S.K.: 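Quick one: structure below, then a few questions.
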Amino acid sequence: MARPDPVDGRVPYTPTSVTRIPSIVSTPMAYPFHDIEPKWQQYWEEHQTFRTPDEVPDEDAEKCYVLDMFPYPSGSGLHVGHPEGYTATDIVARYKRMQGAHVLHPMGWDAFGLPAEQYALKTNTHPRETTKTNIAQFKRQLKRLGFSYDWEREINTTDPDYYRWTQWIFLQLYKKGLAYQSEEPVWWCEELGTVLADEEVIDGKSERGGYPCERVATRQWVLKITDYADRLLEGLDDLDWPQSTKQMQRNWIGRSEGANVYFDLVDVDDSLEVYTTRPDTLFGATYMVLAPEHDLVDAITTDEQRAAVETYRQEALQKSDVERQQEGKTGVFTGGYAVNPVNGEEIPVWVADYVLASYGTGAIMAVPAHDERDYAFAQTYDLPIREVVEGGDIAQAAYVDDGPHVHSANEDISLNGLHTDAAKEKITEWLEQEGEGEHEVNYQLRDWLFSRQRYWGEPFPIVFTEDGEDKPVPEDELPVTLPDIETFEPSGSPEGPLSNIEDWVQTTDPETGAPARRETNTMPQWAGSCWYYLRFIDPGNDELPVDPEKENYWMPVDLYVGGSEHAVLHLLYARFWHKVLYDAGVVSTQEPFQTLVHQGMILGEKEYTTYETEDGERVSAEHVDDGVDTRTGDAVTAVEVDEEDVEKAGDAFVLAEQPEVQVEARSHKMSKSRGNVINPDDVVDAYGADTLRLYEMFMGPLEQDKPWSTDDVEGVHRFLNRVWRLVIDDESDTLRVTDDAPDREQLRVLHETIQQVTEDIEQLDFNTAIAAMMEFVNAANKWEALPRAVAEPFVLLLSPFAPHIAEELWSRLGHDASLAHADWPEYDETLLQREVVEMAVQVDGTVRATIEIEADADEDEVLAAAKAEDNVARHLEGKDIQREIYVPGQIVNFVTG
RNA sequence: GCGAAAGUGGCGGAAUUGGUAGACGCGCGAGACUUAGGAUCUCGUGGGGGUCCUCCCCCGUGGGGGUUCGAGUCCCCCCUUUCGCACCA
């Protein structure tokens, strides 16, 4: 029964109560969001309120390109996670528009991909149909949230007018020699009927679906992203991106600096090249290791050792990468020896699978004294360990840190006494002089496997002549469109479904007219998303992917918001293409996305979980790990309990009736199997789009993961009701603002709100901006009357967050046009000043009183007033004041002896 | 194991050139209006204590030390959680 949940590996969840779904019946006193939201959405559409002109603006105004990561339109529709990032960017876009900037804020669809194809396999529905239906659903859902997209610029990666240019960019890569074919050992997944890229396979199983995969060699297209490794690395420095994302990209690129060193082989007329980042430890090399796949294994292996080496090699090739890592280090001696160029010493050559064929030269010099892996191996096989860097105890462990070098000299050169950096430099120089090696840079980044054996992707603009030569389809013949297809059965081989469409596959050589065959692989889903931000700038262009003048105006993207799951792949691939396009003169910037923000994940409502054994006995959560009682090893079942049956005891939650039983209190990722998914449509039905937008921004910091709370949604909804009633009289449905001049206090409250909201939007601190508006409403509710001159700026402040209610109030306040292009309110410093300020008075650092004092009082007056406070005087009695600390407007501290 | 981020009331979270901890919201309590309240409004709400209870005291931002007149904020050590990487020579 207790099988781990496929989503998060936890014990199955037994719901004892259903997640509360917002009541569909709205409360009678609620403001009429059901009427005003569709009304304003229609208004914006009819008036093309958010249309960004096709032509580059003449006047000299700030431009702002605000971009969301466009969604894959899945069949399950919009998730509450989507509106989080989309609302954040929408607030910025609307704010910038009101500040007079030219704003580009588009939306589109990343619509190629595996799910539609798998659905086609099951139902025989053409992926084009599925995609069309899903896009319609997504678009309807997005439109009812009131985002200010310029829908005239909508793009769809599966549209031939779009992928024509994806193919065109591929041809630029091809012509620059950055796209090549290669027999690659790739992951073939029988179940999915396709090969997958390394990054799409986790622990030997497909990332999507978790199906087993195996390694097979097939002809693939590969993009030479490694040529751009250094530029991709250096470009990160100037980007305003999360540090963690930059770090992940740096790690992924994995640049290291070291040296290649040549070791002559004994009795074999060849030499062995190794890569090392520690050439300074060369004198400490006591053996060599080849990867099992290394070319020289056969030549080096002696006859006596051949059988053992062959056996080991066969075993290693069967193992997956994970299996190779699981056990301790294993290896076998080849019987051969290599000569250390630095001292002429003959050292044994081993084969071991802890050395990877795919990195460096696939061979290493082992320095067990100063490398943990080599140390472990040397201990297992009783190989010598020779110290060449002082500082550790090599009888105990490898010493990998810096220290003075020892035992590192020959007739020519000595590293003795040098530290690592200097020693590296000196030995590398010497190796280069002697022709025994050279400085070398290596990367963990691999070239990008760019072809997939699928139907629903961009066809490659490549044909093969009868003698197998590949030729590009001329640019003016693009796009190469996908053929229609009757059945979606996999071809059963690593070749994709297109290979079965003979009519389509058969074509002619564009140069000679001779018979030729089309490439039947298609591009991976990443392709379309690598450049879509450029197409939004000029979506209708049929001459070029993007017009250079427009590109020059709008690029780079000023704010890019999307999930951190794209921290490496999408964002690295897009940067790579961008740099290629830069070199091709297509774009004018080195980097596509200047500022990047990842929105956090929205989790389900907090759940209280207890565990019980088969006999129904409660097990305290502290004893449960992975669905098992850690004391007995018995499986336990998770049972949800109501919040009311739980109380806090110390740091933990416990059952109220059984305080010895700890309860697990946490929020889980939303998932169908857990039954905690919130559908945005339900929330909009019950509370309106403005409430959903505002709530998602009020939950907490944008970048943080946050649990959903329907109670909190209601709180935000109440706030919007209060805003409505602040401006509109409920009984008469008329305005309740006056044309009286606001008083000083009202202006101060307003201007404080303007300042806070403006600064918070700039910082993307939307939660505190909303808190500031709540404070405004709380204050304004206490006023006798609301002056129009205060109400109107407030409505403008609210409008980026809750645009529908703001438009309606703006209109009722007597404005004919939308507020979307109204001027953003500015605050007046002089109005922020308070006449009377409150200051804390401390005695020896503890607050003993607060005093209210004129803002312009001088220090002496403040100190006198402070000392006059009864409680302060009492604490000062009988003591000498040693120091008087005075921080204007904030604090007074009397320090006694 | 390595790297990064984060630990603040019953809950989500505010506040870091060091200056009144707990803004704002939820929840909870009391009251008003009301036939009713799961609507709305008002007030209260970190914990503990006190014979001046519209006042005062003590404790309090994961734990322990330190710097400072003053530390959620700065420094050192430790614990926990989340995410990423994980034989890359």
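To find a chain, count down the sequence lines: A is the first, B the second, and so on, and within it residues start at 1. Not measured: the values here are computed from a predicted model.
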S.K.: Just to be sure I understand the rule, does A:P242 reach a base, reach only the sugar-phosphate, or reach nothing, if contact means heavy atoms closer than 4.0 Å?
M.R.: nothing

S.K.: If you check every side-chain atom of A:K606, which of B:rG19, B:rC11, B:rG13 has the closest atom?
M.R.: B:rC11

S.K.: Using a cut-off of 4.0 Å on non-hydrogen atoms, how would the nucleic acid contact of A:R722 be classed: base, sugar-phosphate, or nothing?
M.R.: sugar-phosphate

S.K.: Evaluate the criterion side chain to side chain contact (heavy atoms under 4.5 Å, CB included) for residue pair A:L282 and A:L431; output intermediate values, then yes/no.
M.R.: CA-CA 11 Å; A:L282 190 48; A:L431 287 167; 4.1 Å; yes

S.K.: Can you tell me the pairing partner of B:rG27 across any strand shown, Watson-Crick or G-U wobble, with both distances under 3.5 angstrom?
M.R.: B:rU45

S.K.: If you look at every strand shown and take non-hydrogen atoms under 4.0 Å, does A:E775 touch a base, only sugar-phosphate, or nothing?
M.R.: sugar-phosphate

S.K.: If we take the C1' atom in both B:rC11 and B:rG1, what is their distance in whole Å?
M.R.: 36 Å

S.K.: For nucleotides B:rG47 and B:rG66, find the distance between their C1' atoms and express it as a whole number of Å.
M.R.: 27 Å

S.K.: Contact class for A:E647 vs. all strands (heavy atom < 4.0 Å): base, sugar-phosphate, or nothing?
M.R.: nothing

S.K.: Quick one: label A:V367 by what it contacts on the DNA or RNA (base, sugar-phosphate, nothing), any heavy atom closer than 4.0 Å.
M.R.: nothing

S.K.: Strictly below 4.0 Å: does A:K648 bring a side-chain N or O up to OP1 or OP2 of B:rC11?
M.R.: yes

S.K.: So which nucleotide from B:rU20, B:rG19, B:rG12 ends up closest to the side chain of A:I885?
M.R.: B:rG19

S.K.: Among B:rC69, B:rG13, B:rA89, which nucleotide has an atom closest to any side-chain atom of A:V895?
M.R.: B:rC69

S.K.: Whether the A:Y399 and A:E372 side chains hold a donor-acceptor pair (N or O, under 3.5 Å, no angle test) is what I'd like checked.
M.R.: no

S.K.: Would you mind pulling out the nucleotide paired to B:rU82, Watson-Crick or G-U wobble, both distances under 3.5 Å?
M.R.: B:rA4

S.K.: Step through it carefully: locate the ring centre of A:F33, locate the ring centre of A:Y687, and say whether they are under 6.0 Å apart.
M.R.: no

S.K.: Measuring from the side chain of A:K706 (C-beta onward, heavy atoms only), which nucleotide among B:rG13, B:rC11, B:rG19 has the closest atom?
M.R.: B:rG13

S.K.: Remember a base hit wins even if backbone is also touched, and classify A:H370 as base, sugar-phosphate or nothing at under 4.0 Å, heavy atoms.
M.R.: nothing

S.K.: Give a yes/no on whether any side-chain N or O of A:R718 is located under 4.0 angstrom from OP1 or OP2 of B:rC26.
M.R.: yes

S.K.: If you look at every strand shown and take non-hydrogen atoms under 4.0 Å, does A:K246 touch a base, only sugar-phosphate, or nothing?
M.R.: nothing

S.K.: Check every strand shown and say whether A:S564 touches a base, only sugar-phosphate, or nothing at a heavy-atom separation below 4.0 Å.
M.R.: nothing

S.K.: Hey, is the main chain of A:M699 close enough, under 3.5 Å, to the side chain of A:N767 for a donor-acceptor pair?
M.R.: no

S.K.: Give one of base, sugar-phosphate or nothing for A:S709, where a contact means two heavy atoms less than 4.0 Å apart.
M.R.: nothing

S.K.: Under 3.5 Å for both donor-acceptor distances, Watson-Crick or wobble: does B:rG37 have a partner, and if so which one?
M.R.: none

S.K.: Where each residue is assigned the nucleotide of RNA chain B containing its nearest heavy atom, which of A:V887 and A:I364 is assigned the position nearer the 5′ end?
M.R.: A:V887

S.K.: Taking the same atom, C1', in B:rG22 and in B:rU8, what whole-Å distance lies between them?
M.R.: 8 Å

S.K.: When you check the phosphate oxygens OP1 and OP2 of B:rG13, does a side-chain N or O of A:T768 lie under 4.0 Å from one of them?
M.R.: no

S.K.: Ignoring hydrogens and angles, does a donor from either the side chain of A:D712 or the base of B:rC26 sit under 3.5 Å from an acceptor on the other?
M.R.: no

S.K.: In whole Å, measure the gap between the C1' atoms of B:rG18 and B:rA71 for me.
M.R.: 6 Å

S.K.: Are the side chain of A:K706 and the backbone of A:P701 linked by a donor-acceptor contact shorter than 3.5 Å?
M.R.: yes

S.K.: Mind checking who B:rG70 pairs with, Watson-Crick or G-U wobble, both distances under 3.5 Å?
M.R.: none

S.K.: If we take the P atom in both B:rU81 and B:rU68, what is their distance in whole Å?
M.R.: 35 Å

S.K.: For A:Y312 and A:T330, which I'm curious about, is there any donor-acceptor pair between the side chains at under 3.5 Å?
M.R.: yes

S.K.: Taking pairing as Watson-Crick or G-U wobble with both contacts under 3.5 Å, can you name the mate of B:rU51, or confirm there isn't one?
M.R.: none

S.K.: Taking atom P in both B:rU45 and B:rA39, compute the distance separating them and give it to the nearest angstrom.
M.R.: 22 Å

S.K.: By the 4.0 Å heavy-atom rule, please label A:N767 as base, sugar-phosphate, or nothing.
M.R.: sugar-phosphate

S.K.: Does A:I770 or A:R848 map to a spot on RNA chain B nearer the 5' end, using the closest nucleotide for each?
M.R.: A:I770

S.K.: Should B:rG50 be called syn or anti, with syn set as within 90° of 0?
M.R.: anti

S.K.: Expressed in whole Å, how much space separates the P atoms belonging to B:rU61 and B:rG7?
M.R.: 14 Å

S.K.: Looking across every strand, which nucleic acid part, if any, lies under 4.0 Å from A:E884 by heavy atom: base, sugar-phosphate, or nothing?
M.R.: nothing

S.K.: When all nucleic acid strands are considered with a 4.0 Å heavy-atom cut-off, which category describes A:D353: base, sugar-phosphate, or nothing?
M.R.: nothing

S.K.: Under 4.0 Å: is that the gap between some side-chain N or O of A:R883 and OP1 or OP2 of B:rC69?
M.R.: yes

S.K.: Which part of the nucleic acid, if any, lies within reach of A:D374 when heavy atoms closer than 4.0 Å are counted: base, sugar-phosphate only, or nothing?
M.R.: nothing

S.K.: Show, in sequence, the C-alpha distance, side-chain angles and deciding distance for A:F377 and A:Y287, and conclude whether the ring-ring contact (aromatic ring centres under 6.0 Å, His included) test is met.
M.R.: CA-CA 10 Å; A:F377 190 80; A:Y287 63 101; 5.6 Å; yes

S.K.: Looking at A:K606 and A:S667, would you say the former's side chain and the latter's main chain have a donor-acceptor pair under 3.5 Å?
M.R.: no

S.K.: Say you pick atom C1' in B:rG25 and the same atom in B:rG9; how far apart are they, in whole Å?
M.R.: 14 Å

S.K.: Hey, is the side chain of A:Q247 poking within less than 4.0 Å of OP1 or OP2 on B:rG84, counting only N and O atoms?
M.R.: no

S.K.: Would you mind calling B:rC53 syn or anti? Take O4'-C1'-N9-C4 for purines or O4'-C1'-N1-C2 for pyrimidines, and syn is within 90° of 0.
M.R.: syn

S.K.: Please classify the nucleic acid contact of A:G715 as base, sugar-phosphate, or nothing, using heavy-atom distances under 4.0 Å.
M.R.: sugar-phosphate

